[in-house]
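Below, all heavy atoms of this structure are taken into account, side chains as well, without hydrogens, waters or symmetry copies. A, B, ... follow the sequence lines: proteins, then strands. Residue 1 opens every chain.
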Amino acid sequence: MEAQYRPADVERSAQQAWEASGAHRAVETPGKPKYYCLSMFPYPSGKLHMGHVRNYTIGDVLTRFHRMRGYNVLQPMGWDAFGLPAENAAMANGVPPAKWTYDNIAYMKKQLKSLGFALDWERELATCRPEYYRWNQWLFLRMLEKGIAYRKTGVVNWDPVDQTVLANEQVIDGRGWRTGAVVEKREIPMYYLRITDYAPELLTALDSLPGWPERVKLMQANWIGRSEGVNLAFPYTLEGESKLLRVFTTRADTLMGVTFAAVAAEHPLATFAARNNPPLAAFVEECKQGSVMEADMATLDKKGMDTGLTVTHPLTGAEIPVWVGNYVLMGYGEGAVMGVPGHDERDFAFAKKYGLPIVQVTEVPGKPFSLDGWQEWYADKTSCRCVNSGKYDGLDYQAAVDAIAADLGAKGYGEKQTTWRLRDWGISRQRYWGTPIPLIHCDACGDVPVPDDQLPVVLPEDCVPDGSGNPLRNRPDFLDVDCPKCGQPARRETDTMDTFVDSSWYYLRYACPDNAASMVDDRVPYWMPVDQYIGGIEHAILHLLYSRFWTKVMRDLGLITVDEPFANLLTQGMVLNEIFFRKEGARLVYFNPADVEIRTDDKGARIGAVLKRDGQPVETSGIGTMSKSKNNGVDPQALIEQYGADTARFFMMFTSPPEQTLEWSDSGVEGSYRFLRRVWVFAQEQSATIGAVAGTTFTAADATLRREVHTVLKQATYDMERKQFNTVASAGMKILNALQDAVGTASAAALREGTGILLRVLYPVTPHLTHVLWSELGFGSDITVAPWPDVDAAALDRSEIELVLQVNGKLRGSITVAKDATREAIEHLALENPNVQKFVDGQPVKKVVVVPGRLVNVVV
RNA sequence: GCCCGGGUGGCGAAAUCGGUAGACGCAGCGGACUUAAAAUCCGCCGGUGGGAAACCGCCAUGCCGGUUCGAUUCCGGCUCCGGGCACCA
């Protein structure tokens, strides 16, 4: 036995034992309850960051806890290996994305192993392998056959200098990241998946997910965005032809207040009007500049220009001017909106800016309407009544919508409609490092799907992107192919798939990663659904929604039977660290917190911070997510090397509950290390006493220790079940404190019992340390198969309890009573209490509230 | 701009159903051990007023208001911070 705690030795020994016994292999065992514990797979960016350590420690704690509880647990790991950073690295270093990616995977796998996660590495997968992505291609072709995948144009960010499509991330303040050129919107052909067909189910099925956080379900519901309204038409005549300008509105009750219509810059009406109107043509061009990001669109200055054209109001017959608005998007509905400046905040501002009429058509009693400024209630639809609306005057929101929809319907100018905010999923990317879209372009036959027997379409792994577009375009060996239909020379599609495709079904493939003949097999129904999914809150919408959609498509294709992929979801908070900087001229220079020393006053309150190197002050701009740009990252590798994996894991679990953000603290890490060392030293010092004891005969002197240990165990069990691991970690500290206090008074049997509980409570968090101590103290040969300890209810029993005394809700003392004392006896004791009497001060007692087991409140 | 979440001591946090606010830890202060340092151990540790002390009072969970015998917890409004916004993953 080592007297000193040496994490490196302990962890090597434990990991070798697990490796040798195959402790983490998951084998389908019908009849045994299964638990599929999945953490979001990492993007192989180079090395693990603290967010990974946190994510995978949470998963590992759940995995090991459920094994203790008798579940057959699967915890797999893989690599979300396609993506933009590999291309950026290629541009920077000239290394092919494939090599960069595979090197990163090898390094990060080593790191994951050093953290001791109970992963079944035999199921490892990487999405950049043809064995994996061939099934992306295969399923895409099935979707194409079913009409779920289809082709249409989409808008992308276009860098006019580099002549390439930019990702949103590559657009900074409306300009290309490398060229600085103003980005343009450009329409190109793309492939889309009809996720909108699944919108109703994606929305209603949220109710079947009690294990998901409410806030995530709420975000998804808002994202899907069901809204009921009226699709209505403004008729107009263009070059002698009768046409309809269609708009959707949720406020048909305000139709009588329409004073203009606005169309997107790309709308045919705008194009027509701009033909002989150079200023308008210039404005339309201006609208096409800037990024396609919604946040940019929503915050940009609302601008418009009159087209000079008019449409006819469908009910009043009035002429309504048509404007081009930079805030109207062609992709939503039909690219046109009706303007009701009296009751829509955006329209109000637009009308004020351009001098358009503003008409009040609803009112809320007692609230004056004024054109001076926007008031929240103008848009109210809960207590409003129509005014200035002719026959609709006096109707409330719903009655007005019904009546107006009916009148529009009678004229053929509209009907009620349910619409969704959700848009179809565009999966085409004009990039190299992704799954090739399995299509062939033939001059004679058009877009021809690659036949199944020619899958996978293998991505060449030796390309090096240079920023000038997709390098596949310069690869004749990839491009040139015979048309599968007519046999004539044709061209392969060079677009690849969105990497969200890869991550939309990887959790299914872990069940059968070795199956070369089919995408899924009968091992999938054994493991699915995922019982616990763990990942960053930043994935609350897109990845999770796409995965749900993909699952439903595969179900409808008869490939799987589950409706939802993830039964329970835990969204972990981000890992933050302080940001230190100095202004050097115009730019900010950031310093890593490890190089900064905090100055405090004699109460420990911070008074400043200096750079260790030169002793000069640095400024802080608060805390933020660990990032390269802010130089506030902490490398997990250094942490593991200095303190060991168990300390890293313990610190991560102890410092914050899983769903909250976690703030880095060097001294917090040292505190965690100190605690684990105390556990080790305690076990060594006591091993002679408790290592050999058999039996569970306790003495009267053991009652205090046993009550404390079992009370804490009960709480820790509850906390483990609700995944509040920070208090599980502190439970370990409390048990150790109790054990140390009891040395000398409690019997060896009680100390042994408490130590066994301590090791098993800590095991899911710090498996290495507890694995070694468990066998050294003779509890058993292998803690990985030990059960979670049971609470001994008898140890919790008390004959007397303490009740808090309050007068008017303020704490005024306490009394000790027998645990089965009657209400009358308690009231009597409380009223007799001198301190209570002092504060009652002779006033008449109005009532006495007795909360059993807790308190007595005397109200005067 | 829109959607979602959060704010409790010097710091990370705890408080399970509305019932003793601050468990556990970090930092700090005081002490023991030591030639010394490190490590370890013991004690104190929200603010404020009174008191020599024991102790007693008042204030305090971002801000303002409400419900309640009683609010960190429930409701309304505000404010600041964080996440997402469809081509970062």
Side-chain angles (χ1 to χ4, degrees), chain A residues 40 42-43 45 80 83-85 88 154 156-157 165-171 213-216 218-219 221-223 225 292-300 327 345-346 422-423 425-431 498-500 503 536-543 545-546 571 573-574 576 598 600-607 622-625 654-657 659-663 665-672 674-675 677-678 681 715 718-719 722 724 726-727 729-734 737 802-811 813-814 846-849 851 854-855 857-860:
Chain A
M40 290 182 185
Y43 177 78
S45 54
D80 189 11
L84 199 54
N88 294 340
V156 294
N157 301 304
V165 174
L166 296 178
N168 281 341
E169 189 190 50
Q170 298 170 323
V171 178
E214 280 307 317
R215 62 171 161 152
V216 173
L218 201 52
M219 280 192 262
N222 288 334
W223 185 263
V292 301
M293 277 184 268
E294 189 186 295
D296 290 344
M297 299 299 294
T299 50
L300 64 79
Y327 61 94
E345 186 169 5
R346 194 167 56 178
L422 183 67
R423 311 199 296 265
W425 175 13
I427 59 156
S428 296
R429 296 290 180 271
Q430 297 68 46
R431 274 182 243 301
D498 180 5
T499 57
F500 276 123
S503 55
I537 181 66
E538 66 273 19
H539 295 289
I541 297 177
L542 292 178
H543 161 62
L545 193 65
Y546 291 145
T571 48
M574 325 226 355
L576 312 179
I598 304 298
T600 60
D601 63 17
D602 59 6
K603 286 185 173 174
R606 171 186 297 207
I607 51 177
I623 52 167
T625 54
F654 176 65
T655 303
S656 258
E659 305 222 306
Q660 275 185 37
T661 54
L662 181 150
E663 285 173 45
S665 154
D666 284 326
S667 52
V669 173
E670 277 170 37
S672 297
R674 204 175 302 152
F675 168 67
R677 197 164 51 197
R678 276 177 62 208
V681 170
Q715 182 67 41
Y718 177 79
D719 288 341
R722 64 174 176 154
Q724 187 170 290
N726 55 328
T727 46
S730 50
M733 292 175 163
K734 288 178 185 176
N737 289 346
E802 191 188 31
L803 292 180
V804 160
L805 297 178
Q806 295 183 338
V807 177
N808 285 346
K810 289 203 172 206
L811 178 66
S814 65
K846 286 187 195 144
K847 69 170 164 176
V848 179
V849 180
V851 183
R854 288 215 178 256
L855 57 73
N857 187 14
V858 179
V859 184
V860 294

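Atom NE2 of His543(A) sits about 10.5 Å away from atom OG1 of Thr499(A), to the nearest 0.5 Å.
Rounded to whole angstrom, the span from the CG atom of Asn88(A) across to the C1' atom of rC88(B) amounts to 9 Å. In this entry the distance linking OH of Tyr718(A) with C1' of rA15(B) reads 12 Å, nearest Å. What separates CG of Asn857(A) from P of rG19(B) is a distance of 13 Å, to the nearest Å. Atom CD in Gln724(A) sits about 8 Å away from atom C1' in rA14(B), given to the nearest Å. Rounding to whole angstrom units, CG of residue Leu855(A) and C1' of rA71(B) are separated by 14 Å. Rounded to an integer number of Å, the gap from CE of Met574(A) to C1' of rG6(B) is 14 Å. Met219(A) places its CE atom 7 Å from the C1' atom of rG5(B), with the value rounded to the nearest Å. Here the P atom of nucleotide rG22(B) and the NZ atom of Lys734(A) are 12 Å apart, to the nearest Å.
Without hydrogens or angle criteria, Gln660(A) side chain to Pro657(A) main chain gives no donor-acceptor distance under 3.5 Å.
Between the C1' atoms of rG18(B) and rG31(B), the separation comes to 43 Å (whole Å). rU61(B) and rA15(B) are spaced 11 Å apart, taking the C1' atom of each and rounding to whole Å. For rC56(B) and rG7(B), the P atoms lie 32 Å apart once the distance is rounded to whole Å. Between the C1' atoms of rA32(B) and rG25(B), the separation comes to 23 Å (whole Å). Nucleotides rU40(B) and rA89(B) are separated by 45 Å at their P atoms, to the nearest Å. Nucleotides rC74(B) and rU20(B) place their P atoms 16 Å apart, quoted to the nearest Å. Separation of the P atoms belonging to rG62(B) and rU8(B) is 6 Å when rounded to the nearest angstrom. Nucleotides rC2(B) and rU73(B) are separated by 26 Å at their P atoms, to the nearest Å.
An OP1 or OP2 oxygen of rG6(B) is reached within less than 4.0 angstrom by no side-chain nitrogen or oxygen of Arg215(A). Not one side-chain nitrogen or oxygen of Lys847(A) sits closer than 4.0 Å to the OP1 or OP2 atom of rG70(B).
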Trp223(A) and Leu542(A): side chain to side chain contact (heavy atoms under 4.5 Å, CB included), yes or no, with the steps?
CA-CA 9 Å; Trp223(A) 185 263; Leu542(A) 292 178; 3.8 Å; yes

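Here the nucleotide nearest the side chain of Asn222(A), chosen from rA39(B), rC4(B), rA13(B), is rC4(B).
By the salt bridge (Lys or Arg N to Asp or Glu O under 4.0 Å) test, Arg722(A) pairs with Asp719(A), sequence neighbours left out.
Closest approach of Glu659(A) to Pro213(A), counting heavy atoms only: OE2-CG, 4.3 Å.
In secondary-structure terms, RNA chain B builds stems of at least 3 consecutive Watson-Crick or G-U pairs, each pair having both distances under 3.5 Å, at B:1-7 with B:79-85, B:10-12 with B:24-26, B:28-32 with B:40-44, B:46-50 with B:55-59, B:62-66 with B:74-78.
For the pair Leu218(A) and Arg429(A), both in contact range of RNA chain B, the more 5′-proximal nearest nucleotide belongs to Leu218(A).
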